[in-house]
Amino acid sequence: MVDVKKIAVIAGDGIGPEVVAEAEKVLKRTEEVFGYRFETEHALFGGIAIDEKGTPLPEETLTVCKNADAVLLGAVGGPKWDNNSKELRPETGLLGIRKALGLFSNLRPAVVFDCLKDASTLKPEVLEGTDLMVVRELTGGIYFGEKFRRESAQGEEAVDTCAYNVAEVERIVRQAFEIAQGRRKKLASVDKANVLETSRLWREVVNRVAPDYPDVELEHVLVDNCAMQLLRRPASFDVIVTENMFGDILSDEAAMLTGSIGMLASASLGEGSFGLYEPVHGSAPDIAGQGLANPIATILSLALMFRTTFGYAEGADAIEEAVANVLNAGHRTSDIAVDKSKAISTTEMGDLIVAAIQKKA
């Protein structure tokens, strides 16, 4: 009997419903081609949940997610909710769902397709061969540390606390080593150990864990140098692991190597195989409902789900190959089109990718 995988589908706000709809078409296609079986359940999250349920993360949504094998998320947020109180902002829902589901790492692959090298602001020869993965710690560091204001002799003073413990560092580092083992066996651990005590602890833990993975080549890189080297020699990186704030910044920088944020998938993982998968781009409310959104990041997030949570390597390869073939054939949505007049719609791009998914003989 075929194992049925349960997927919680959260379309969200803005262009979220449009790009998720194309990913769902890909799901159906892989059922036809590979015999997979999926059971999907839709749930409200983000701005639309605020409007309809009075909270960005309704309890029923959390229940749907906890009962699933994986979560597919479109995008959340928009100016409509920007002036809401903190508890009624879509972003608060994101932090809440990560905590509730125990998601402590964020994976962001950045792959430069040969046919899109000219879309990047970097020279094509610099981008040649770029295929890297940023592994970002997601639940610790300065974003989650104590925050307060106090009076000082120089006026009001704000304090954000950055804290990490050994267990938090070790679990993300081990995950990064394991990911590197399945790729090109190179790991760059990024810190600021020349200045920060948290980074010194980070580096100590990395060095203690490293002997357990003798097949992986380890490199320590200071964060400022890493930011520079991503622009100078991006193809030299395989897997980058780093703390929360550094990862937030570096993964966005890596995203722009590809020429469009609309091309980039991501996964948020906890213990075991469960994961939440979403495109890196935001809700783009300015183009919502116009058929202009690029669904490729969401479709590649689905491929990442297949590979990481389900172990469906054949299906993941087929999706990624279909995307590459459609792009190589010259098809472009407006965000990656040189000639905007020849750009195709969201649904047209999705249909082409679906048609291109084949099982290898």
Side-chain angles (χ1 to χ4, degrees), residues 7-30 38 40-49 61 65 68 70-78 80 90-91 93-94 97 106-111 113 116 119 251-252 255 258-268 275-306 315-316 319-320 322-324 326-327 331-337 340 343-357:
I7 303 175
V9 178
I10 301 175
D13 310 312
I15 63 172
E18 297 170 70
V19 294
V20 164
E22 301 312 306
E24 288 191 275
K25 291 184 335 193
V26 171
L27 268 181
K28 290 183 173 63
R29 175 61 174 167
T30 61
F38 301 107
T40 60
E41 186 170 358
H42 292 72
L44 296 176
F45 181 69
I48 189 172
T61 296
C65 293
V71 179
L72 178 65
L73 172 63
V76 296
K80 178 180 180 180
E91 297 78 8
L94 280 174
I97 199 169
N106 183 238
L107 275 56
R108 287 197 181 184
V111 180
F113 291 88
L116 292 179
S251 59
D252 280 355
T258 68
S260 173
I261 203 167
M263 297 290 298
L264 298 172
S266 80
S268 296
L276 183 151
Y277 297 83
E278 61 181 316
V280 170
H281 62 68
S283 60
D286 55 320
I287 62 169
Q290 301 176 46
L292 298 175
N294 186 344
I296 289 178
T298 310
I299 291 170
L300 290 177
S301 294
L302 195 64
L304 194 56
M305 180 192 296
F306 277 27
I319 294 170
E320 291 164 355
V323 169
V326 169
L327 291 173
H331 302 293
R332 304 284 187 271
T333 46
S334 60
D335 60 313
I336 52 175
K340 304 296 183 185
I344 63 175
S345 69
T346 308
T347 55
E348 288 172 325
M349 178 61 83
D351 288 342
L352 287 168
I353 293 170
V354 166
I357 294 174

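Of all heavy-atom pairs between M305 and L72, the closest is CE-CB, 4.0 Å. Closest non-hydrogen pair, G14 versus A288, comes out as C-CB, 3.6 Å. Here the closest heavy-atom approach between residue A68 and residue A8 is recorded as CB-N, 3.6 Å. When all heavy atoms of N294 and I296 are compared, the closest pair comes out as OD1-N, 2.9 Å. Contact between H281 and G262 at its shortest, heavy atoms only, is CD2-CA, 4.1 Å. Contact between P90 and G47 at its shortest, heavy atoms only, is CG-N, 3.8 Å.
With hydrogens and angles disregarded, a donor-acceptor distance shorter than 3.5 Å links the side chain of S283 to the backbone of G77. Within the 3.5 Å criterion, the main-chain N or O of N106 finds no donor-acceptor partner in the side chain of S268. Put simply, the side chain of R108 never gets that close to the backbone of V280: no donor and acceptor are under 3.5 Å apart.
To the nearest 0.5 Å, atoms CD1 (I299) and CE (M263) are separated by 10.0 Å. If you take CD on E22 and OG on S345, they are separated by 8.0 Å, rounding to the nearest 0.5 Å. F306 CZ to I319 CD1: the interatomic distance, rounded to the nearest 0.5 Å, is 4.5 Å. Remark: L107 CG to S301 OG distance equals 11.0 Å, nearest 0.5 Å. Annotation: the span from L116 atom CG to I336 atom CD1 amounts to 5.0 Å, rounded to 0.5 Å. Atom NE2 of residue H331 and atom CG of residue L352 lie 5.0 Å apart, to the nearest 0.5 angstrom.
Applying the ring-ring contact (aromatic ring centres under 6.0 Å, His included) criterion to Y277, with sequence neighbours excluded, gives no partner residue. Residues forming a salt bridge (charged side-chain N to carboxylate O under 4.0 Å, His left out) with E320 (at least two apart in sequence, or on another chain): R307. Here D351 pairs with K25 under the salt bridge (charged side-chain N to carboxylate O under 4.0 Å, His left out) rule; sequence neighbours left out. In terms of the salt bridge (charged side-chain N to carboxylate O under 4.0 Å, His left out) criterion, R332 has no residue partners (sequence neighbours excluded). Legend: residues meeting side-chain contact (heavy atoms from CB on, under 4.5 Å) with A293, ordered by chain and number and at least two apart, are I15, V19, I287, T346. For the salt bridge (charged side-chain N to carboxylate O under 4.0 Å, His left out) test, residues two or more places apart in sequence or in another chain that qualify with E91 are R89.
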Next item on the list: Check the pair T333 / L292 against side-chain contact (heavy atoms from CB on, under 4.5 Å), numbers first and verdict last.
Entry: CA-CA 7 Å; T333 46; L292 298 175; over 6 Å; no

Notebook entry, point to check: Checking side-chain contact (heavy atoms from CB on, under 4.5 Å) for the pair L300/V111: CA distance, chi angles, key distance, verdict?
Noted result: CA-CA 11 Å; L300 290 177; V111 180; over 6 Å; no

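Side-chain contact check for I7 versus L27: some heavy-atom pair is nearer than 4.5 Å. The side-chain heavy atoms of V76 and I10, taken from C-beta on, include no pair separated by under 4.5 Å.
Remark: of the listed residues T298, L302, V9, V9 is the sole one forming a side chain to side chain contact (heavy atoms under 4.5 Å, CB included) with E24.
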